[in-house]
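The structure appears below as structure tokens.
Source: prediction; values computed, not measured.
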Amino acid sequence: MAALQNLFVPRARIATFDVTLRIEDLNNVPPLNGLFYAKWKCQTHGGSSPRVPVVNREVLWSHAVRQAVDIPIGRDGVLAPCELRIAIRQEVYSHVRMKVGALTVNLSEYARLSGSSRRYFLQECKLNCTLKLSISVAQAAGPDAYSAPPLDRSMVLTDLNDIITSEGSARARDGASAGTSLGSQHPSRRTANASSSSHSTTRSATTETSQSRGLLPIDNTNVRDLAPFQRSSRKNQQIVDSVFAPSSLPL
């Protein structure tokens, strides 16, 4: 179909690209019996990878493909879609073949990239597997006044290292902006802020001290009222001691 469409496009608006594709591996695969292989097709070209068993929940191919494709340039200067379709299949007992999943990639999106190695989610897959591809699209002939369509990241699995790197960069930028804002304050403003903070600290300390003193009231009237009873009790004790002293007892 793509070749038929190219017949109605002037040759001056068709660019030729050398596509280098490497089907790396399929991971997160359950320990299943049989062999796994990948079938690919782009325009009028197609092929398949070797049949490989599952080892440690991974199917490793590293199958390289190199093919030239013609991509027309639209009237708006954007490359037309050029679909690469890859189907992953499982072969059991050399005669039973089952479809594991499929993936469709628009090669026009990679025309302005020097090279890409990404991991993709498989479509129509019930095993939650991801496929790693290395794609390079380099122009070989034709006009170069074109633009590539934006890269579709809906099926691309983001790497954890990329997330950590992006978050670290964002935190570093936030820290640098915060340090710049603090350093750009006027010296008098910083002094005023410091003095206000010291005054507020002093006021809070004074308030706490007064509150702590108010929690323990002292009433001196009660102490004065107890003084006469204390003196009378001492006199009574002296009388008792003089009566029962050994010298005052009769012989």
- [ ] Please identify each residue that fulfils ring pair (Phe, Tyr, Trp, His ring centres under 6.0 Å) with Phe17, with sequence neighbours left out.
- [x] Tyr146
TODO: Mark yes or no for whether Ser49, through its side chain, and His63, through its backbone, hold a donor-acceptor pair below 3.5 Å.
DONE: no
Open item on the list: Please give me the minimum heavy-atom distance between Ile88 and Ala38, naming the atom from each residue.
Closed with: CD1-CB, 3.6 Å
Open item on the list: Looking at Asn56, I want to see if its CG is surrounded by more than 12 non-hydrogen atoms of other residues, nucleotides or ligands under 6.0 Å.
Closed with: no
Task: Salt-bridge present (Arg112, Asp144; N to O < 4.0 Å) - done: no
- [ ] Please identify each residue that fulfils salt bridge (Lys or Arg N to Asp or Glu O under 4.0 Å) with Arg153, with sequence neighbours left out.
- [x] none
Open item on the list: Among residues at least two apart in sequence or on other chains, which ones pass side chain to side chain donor-acceptor pair (under 3.5 Å) with Asn28?
Closed with: Arg57
Open item on the list: Assess, by modelled atom type and distance only, whether the side chains of Ser134 and Ser117 contain a donor and an acceptor separated by less than 3.5 Å.
Closed with: yes
Task: Non-neighbouring partners of Glu83 that pass salt bridge (Lys or Arg N to Asp or Glu O under 4.0 Å), sequence neighbours left out - done: none
Task: Expected output: side-chain Glu109 to main-chain Leu113 donor-acceptor under 3.5 Å - done: no
Open item on the list: Within the 4.5 Å heavy-atom criterion, are Leu127 and Leu32 side-chain neighbours or not?
Closed with: yes
TODO: Using modelled atom types only, decide if a donor and an acceptor are shared between the side chain of Ser108 and the backbone of Ala80 within a distance under 3.5 Å.
DONE: yes
Task: Contacts of Lys99 that satisfy salt bridge (Lys or Arg N to Asp or Glu O under 4.0 Å) - sequence neighbours left out - done: Glu124
Task: Met98: hydrophobic cluster co-members (side-chain, 4.5 Å) - done: Val92, Tyr93, Val96
